[in-house]
Amino acid sequence: MSSKRGSRRGFLAGSAAAGAVGLGDWRFLNGLAPVSAAETRLPADVVTLRPEIEPVVRLIEETPRDQLLEVMANRIKGGLSYREVLAALLLAGVKNIEPRPSVGFKFHAVLVVNSAHLASISSPPDHRWLPIFWALDHYKSSAQRDVEERGDWTMSHVDETRIPRPHQAVAAFQQAMENWDESAADVAIASLARSHGAQAVYELLFRYGCRDFRSIGHKAIYVANSYRTLQCIGWQHAEPVLRSLVYALLMHEGDNPKDRDDVADRPFRRNVELLGKIPSDWQAGDPDEAATRDVVAAFRDAGSNEACDLVVRMLNNGAGAHTVWDAMFVVAGELLMRQPAIVALHAVTTTNATHFAFQQTGNDETRKLLMLQNAAFLSMFRDAMGGRGQIADRTIDTLLEGNRDPARDAGKELEAVFAHISGDPDRAAQHVVRYLRDGKSATELMNAARLLVFTKGNDAHDYKFSSAILEDYYHVSPTWRDIYLAANVYKLQSSTQPDNQLIERARAALA
């Protein structure tokens, strides 16, 4: 599914001449000509995008990084819509960035698109372009990394001669995925994109997104984020996105996974067998605070098999699905408290993605599998943290016990939260609990957190993480949501950090 072209990104390195223009000064664009039909033609072996969006994708691809924000701002002022920019950004990523050797690293340029979109639509109107502009700039750096690491990989044209007929597409796709057959899966998903609707296709993908633990949750994240972005930009753009997604889902190391017993695959195989032990009324039941506490405590030591068995026992004891998800959200937050670093961060974002799939699927078996797989993954995330440095002796119990910091700064709790994140995150977490339990506005806190990501953030994880936790605040039961947010404050941006370099360019371009 790959193609190599040597000259497509000749402008990626940027132009020294642009530095003479000055920040925000894009008068050199006044004579910019419309993109001609000839300019949109691509080599025959490269994936074809829809004609209404391809010129915008080409514009993103070919504009030097140090001019892209100004060029896009000019086009937006000329009528280019938010949806068009979002679509072109996603399509540029899936076309030009390979989800290899891992579904992460440079591929975050694709994974972060939905997170930037969520940050945008959740923000006040005058902030909404900022995360999209950040994602545009991030795409350019990732595209350059793809050139350096993968020899300028580009998605190839689908093999039209092998595409299954519509009535055969589901069976062909399932067989290809079970066999980890990339070429067969590529043509099968193209057929599904053309002949089936979004819900039918993603019913299949939700299951495969949680199948294995490779790339620390990024497969599940890509399933959820691609589905959500397609809901905004339209199913007409689905085929290249789905081809990229399936290619990512089939990422593995070594020999074919179906022929070996790899640790990344074991939970799924076992959990398929566990489904029969879950009662038919497993989704009933009210949130149970005591049960949530017990599960959080048990997950601190439980292996993946023990964690899944515990979930099954909870459901058989009438705890209900919401209680299980409350526990898993809080467990993920506690992992982040104990080690505010990359592995625990992905425990949080993977739980967000898996829960989204759980909400969307109408298949009872898939819902149960998603819940069990997330339980197993949390245990595996905890184990993976052991090789990444010290794990602090922090638990949510300190947050549940209430504030231990006697110093109160009346009327300035919100400022205190973000001022202390860098130097004293334990104190910042206590300020979150106190602020929210005093009845202060969660929305105001979230808006402040997002704006700090826009102005201080430098990494895709800043967007992925913040969008996940601020969304999941409302998915957690009221009893636990303040604790969940406080636990995750350790990886939000601090007000004491310097502004990133991009914010001034964005402000100038959009002025």
Side-chain angles (χ1 to χ4, degrees), residues 103 170-181 184-185 188-189 192 199-224 245-246 248-283 295 299 302-317 319-321 324-325 327-328 347 350-351 353-381 383:
V103 189
V170 171
F173 178 72
Q174 291 174 317
Q175 181 179 11
M177 295 299 287
E178 295 299 327
N179 290 331
W180 294 77
D181 185 336
I189 197 64
L192 287 171
Q199 192 63 38
V201 174
Y202 273 88
E203 283 289 358
L204 300 169
L205 293 168
F206 289 143
R207 182 183 180 103
Y208 291 112
C210 73
R211 176 170 60 169
D212 64 280
F213 190 63
R214 295 177 183 86
S215 291
I216 58 171
H218 284 121
K219 293 185 178 185
I221 291 168
Y222 192 13
V223 171
L245 172 59
V246 168
L249 294 180
L250 292 174
M251 186 283 297
H252 65 87
E253 69 299 320
D255 298 334
N256 193 317
K258 76 180 179 65
D259 298 325
R260 56 193 170 96
D261 181 30
D262 193 275
V263 65
D265 304 303
R266 289 174 192 162
F268 188 87
R269 293 167 181 169
R270 184 176 185 270
N271 284 335
V272 168
E273 302 299 322
L274 279 183
L275 296 180
K277 298 182 179 181
I278 297 176
S280 58
D281 64 345
W282 66 278
Q283 298 192 74
V295 174
F299 267 56
S304 59
N305 288 352
E306 295 174 286
C308 296
D309 291 342
L310 177 58
V311 169
V312 173
R313 286 199 301 275
M314 286 180 66
L315 295 172
N316 275 282
N317 291 335
V324 175
W325 279 111
M328 292 197 290
T350 299
T351 299
T354 308
H355 182 257
F356 173 82
F358 176 87
Q359 290 179 306
Q360 297 301 312
T361 180
N363 184 293
D364 189 71
E365 180 178 287
T366 302
R367 288 172 73 85
K368 289 185 282 191
L369 271 174
L370 286 161
M371 182 178 289
L372 291 174
Q373 284 295 98
N374 200 78
F377 287 175
L378 286 171
S379 176
M380 297 168 87
F381 275 118
D383 292 344

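Only heavy atoms go into these numbers, but all of them, side chains included; no hydrogens, no water, no symmetry mates. Residues take their numbers from the sequence shown, with the count starting at 1. These numbers were taken from a predicted model, which means no experiment stands behind them.
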Atom of A172, atom of A188 and distance for their closest heavy-atom approach: C-CB, 4.0 Å
More than 12 heavy atoms from other groups under 6.0 Å of NZ on K277: no
Exercise: identify the closest heavy-atom pair between A185 and V246: CB-CG1, 3.6 Å
D309/R313 ion pair, N-O < 4.0 Å: no
F268 six-ring centre to R211 NZ/CZ under 6.0 Å and within 45° of normal: no
Minimum heavy-atom distance A307-F299, with the two atoms named: CB-CZ, 3.7 Å
Ion pair K258/D181, N-O distance below 4.0 Å: no
A302 versus S379, closest heavy-atom pair with distance: O-OG, 2.8 Å
Residue pair Q174 / Y208, side-chain donor-acceptor N/O under 3.5 Å: no
Closest heavy-atom pair and its distance - A224, F356: CB-CD2, 3.7 Å
F381 ring center near F213 ring center (under 6.0 Å): yes
Between T361 and E203, a side-chain donor and acceptor under 3.5 Å: yes
Neighbour count above 12 (heavy atom, 6.0 Å) for Q175 CD: no
K219 and its side-chain contact (heavy atoms from CB on, under 4.5 Å) partner, picked from L205, L245, D212, T350: D212
Straight-line distance of N271 CG to I278 CD1, nearest 0.5 Å: 8.0 Å
D281 CG: over 12 foreign heavy atoms closer than 6.0 Å: yes
Any side-chain donor near an acceptor of the partner, W325 and N374, under 3.5 Å: no
Basic-acidic side-chain contact under 4.0 Å: E253, R260: yes
Nearest-0.5 Å distance that lies between atom NZ in K368 and atom CG in D364: 4.5 Å
